[in-house]
Amino acid sequence: MYGKVVSACLHGVDGKLVEVEVDLSNGLPQMMIVGLPDVAIKESMERVRAAIKNCGFTFPLQRITVNLAPADLRKEGSAFDLAIALGILMTSGQLPDEALSDTLIIGELALDGSVRSVPGVLSMIATAREHGIARVIVPAENAEEAAWIGGCDIRCVQHLSQFRRSGGNADAAVAGGAEELNAGPMESLAGNGLLSGSKTDVSRETSKAEDDYADVSGQLHVKRALMISAAGMHNFILIGPPGTGKTMLAKRLPTILPPMSDSESLDVTKIYSASGKFADRRQLIRERPFRMPHHTISAGGLVGGGGIPKPGEVSLAHRGVLFLDELPEFSRVALEVLRQPMEDRFVTIGRARAVYRFPAHFLLATSMNPCPCGYWGAASDQQGCVCSPLKISHYRAKISGPLLDRIDLHVEVPRIEYKDLRGPRQPLSSAEMRTAVERAHDIQKRRYAEAGILFNSELNGKKLREHVKLDPPSAQLLERSFAALGLSVRAHDRILKIARTIADLEGQPEIREDHVAEALQYRVLDKKINPHTLFG
């Protein structure tokens with residue numbers, strides 16, 4: 001006897017459909033799962049056997065072969081439990097053949113038959129919708145998450161016994177049985193998906209109510225640089241001695257970033273769902289991610305890795321901010337792996353049996369001290385540096401030239417004078433900064449509506465030449481600076497992008513000479529930060 005149902009697994013952060021084929025034949029009673037299953041799937045034999053018996057079904061005393069097709073795709077996780085159990089019941093005649101046709105089945109089974117939640121439901125259902133599958137059965141705990149994907153009839157179950165009590169009718173199993181289970185499953189969720197436009201109105205909440213740039217004394221030029229960074233999603237590095245507020249300034253960046261669009265929000269939520277980090281399934285992730293890994297993180301932790309690769313910090317920061325505090329304290333190997341995702345906006349990880357691709361479109365925010373002790377260049381009346389030139393050179397050598405070249409804004413964060421700390425404040429609040437940033441984002445959205453990009457930082461090649469044009473005075477200024485500062489071609493292009501963002505913040509359609517001049521001042525550290533020389 002042969003039967004087949006459809007389930008799904010994760011391949012990176014994308015869903016892949018898997019056909020669960022079940023064959024019952026004469027022979028010694030045993031169960032075998034083939035098709036490159038991992039340990040968790042092999043252990044599902046015991047979970048499925050116990051769940052079937054404890055729900056009043058009969059576990060067939062025959063030779064049971066379960067094949068997960070395609071057989072050359074490695075599978076992992078516990079999402080196949082429910083599909084395997086229903087496949088066995090259907091093949092053994094305990095459920096009608098047509099009950100589960102054209103249905104995607106996802107869920108983990110407990111020994112008593114309870115259906116538990118699994119990660120990656122968003123990606124799996126999105127794949128099912130693309131392949132025209134009309135109905136999806138998911139655990140009740142994943143119901144609200146699953147409902148964000150429109151175009152499918154989303155059904156949820158809480159217990160395997162619902163199929164027995166419904167007489168094998170799948171529709172009745174997922175729509176009834178409330179009294180017997182004391183907490184009935186949700187009804188059909190068709191039409192509630194994000195793509196149908198019903199759940200998009202989610203209020204925006206700042207990450208922390210007390211975080212506001214209005215509380216930062218002085219450092220107006222740093223706030224200006226961070227506003228430019230947020231407006232065009234440009235990478236930046238803050239350089240200054242300890243206690244000047246580098247970390248505090250960077251941590252407040254999310255308070256001036258506008259919420260994500262529907263498509264961005266869905267992409268980010270799929271990544272967190274696949275990573276098992278989706279805590280609140282009642283709504284999509286609207287706040288742009290802010291990731292701040294410790295400096296001891298490995299290269300694999302940053303970009304992803306493992307036997308079956310999982311998303312790293314660069315992917316968890318997709319469409320948000322990756323903040324590396326004390327940049328030279330990170331290992332040179334870990335920093336160098338950032339170069340490819342910073343350019344390509346994705347990470348490709350190859351393994352013997354498959355190649356995985358993870359999205360990684362993030363804003364890189366970094367900070368560092370000028371030397372190991374942090375006080376190089378301090379005035380004579382302040383604490384002086386105790387580091388030798390060789391020690392300073394080794395400290396800065398951890399940041400390679402190619403990596404630095406990919407950081408758009410180099411911002412010095414000086415000490416605050418006492419009169420600025422205790423004197424009249426010059427507030428520039430997060431709300432004011434966010435208003436300007438949102439206005440610049442709207443300008444870019446309209447400008448690039450047909451270009452397939454969202455922000456000025458994404459401009460390159462033909463698109464850069466098309467949307468960034470300089471008048472003669474601006475071109476002459478940039479030409480002189482190119483030779484004087486020894487800029488690379490990449491740095492030249494990034495200056496153009498920053499100038500375009502500055503013009504957008506001011507609502508100017510054309511780039512003026514003062515816009516280029518301001519953009520150039522954020523690159524004057526190209527020579528200063530050279531790891532083989534000292535400041536001055």
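Numbers here simply count residues along the sequence, with the first being 1. If you're wondering where the values come from, they're calculated on a predicted model, not measured in any experiment.
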Asks: Would you please name every residue forming a ring pair (Phe, Tyr, Trp, His ring centres under 6.0 Å) with Phe455, sequence neighbours left out?
Replies: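 Only His441 meet the ring pair (Phe, Tyr, Trp, His ring centres under 6.0 Å) criterion with Phe455.
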Asks: For residues 233-245, which residue pairs pass the salt bridge (Lys or Arg N to Asp or Glu O under 4.0 Å) check, not counting sequence neighbours?
Replies: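 The answer is none; no pair qualifies.
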Asks: For atom CD of Glu479, is the number of surrounding heavy atoms from other residues, nucleotides or ligands below 6.0 Å larger than 12?
Replies: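 No - once you tally the heavy atoms of other residues, nucleotides and ligands closer than 6.0 Å, there are 12 at most.
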Asks: Using the six-membered ring wherever Trp is involved, compare the ring planes of Tyr448 and His467 and label them parallel, tilted or perpendicular (cut-offs 30° and 60°).
Replies: perpendicular
Asks: Will you find, in the side chains of Ser367 and Asp325, an N or O donor that is under 3.5 Å from an N or O acceptor?
Replies: yes
Asks: Does Phe358 have its ring centroid less than 6.0 Å away from the ring centroid of His318?
Replies: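 Here the rings of His318 and Phe358 have centres that are no less than 6.0 Å from each other.
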Asks: Strictly below 4.0 Å, N to O, side chains only: are Glu432 and Lys223 in salt-bridge contact?
Replies: no
Asks: May I ask you to check whether Asn456 and Thr501 show a side-chain donor-acceptor distance below 3.5 Å?
Replies: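 Side chains of Asn456 and Thr501: pair found under 3.5 Å.
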Asks: How far apart are the closest heavy atoms of Val516 and Leu470, and which atoms are they?
Replies: CG2-CD2, 4.0 Å
Asks: Indicate yes or no for a side-chain donor-acceptor contact from Thr269 to the backbone of Ser265 under 3.5 Å, with no hydrogens or angles considered.
Replies: yes
Asks: With the threshold set at 4.0 Å, does a side-chain nitrogen-carboxylate oxygen contact exist between Glu458 and Lys463?
Replies: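 Result for this pair is no, no salt bridge flagged.
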Asks: Can you list the residues that meet the side-chain hydrogen bond (donor to acceptor under 3.5 Å, both in side chains) rule with Ser457, with sequence neighbours excluded?
Replies: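 Ser457 satisfies side-chain hydrogen bond (donor to acceptor under 3.5 Å, both in side chains) with no other residue.
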Asks: Between the main-chain N or O of Asp14 and the side-chain N or O of Lys16, is there a donor-acceptor pair closer than 3.5 Å?
Replies: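 Checking the backbone N and O of Asp14 against the side chain of Lys16, no donor-acceptor pair under 3.5 Å is found.
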Asks: Hey, are Lys497 and Asp493 close enough for a salt bridge, meaning a charged N less than 4.0 Å from a carboxylate O?
Replies: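 Looking at Lys497 and Asp493, the cut-off is not met.
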Asks: What pair of heavy atoms forms the shortest contact from Tyr395 to Pro370, and how long is it?
Replies: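 Minimum heavy-atom separation between Tyr395 and Pro370: CE2-C, 4.2 Å.
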Asks: Can you confirm whether more than 12 heavy atoms, excluding those of Arg224, are under 6.0 Å from its CZ atom?
Replies: yes
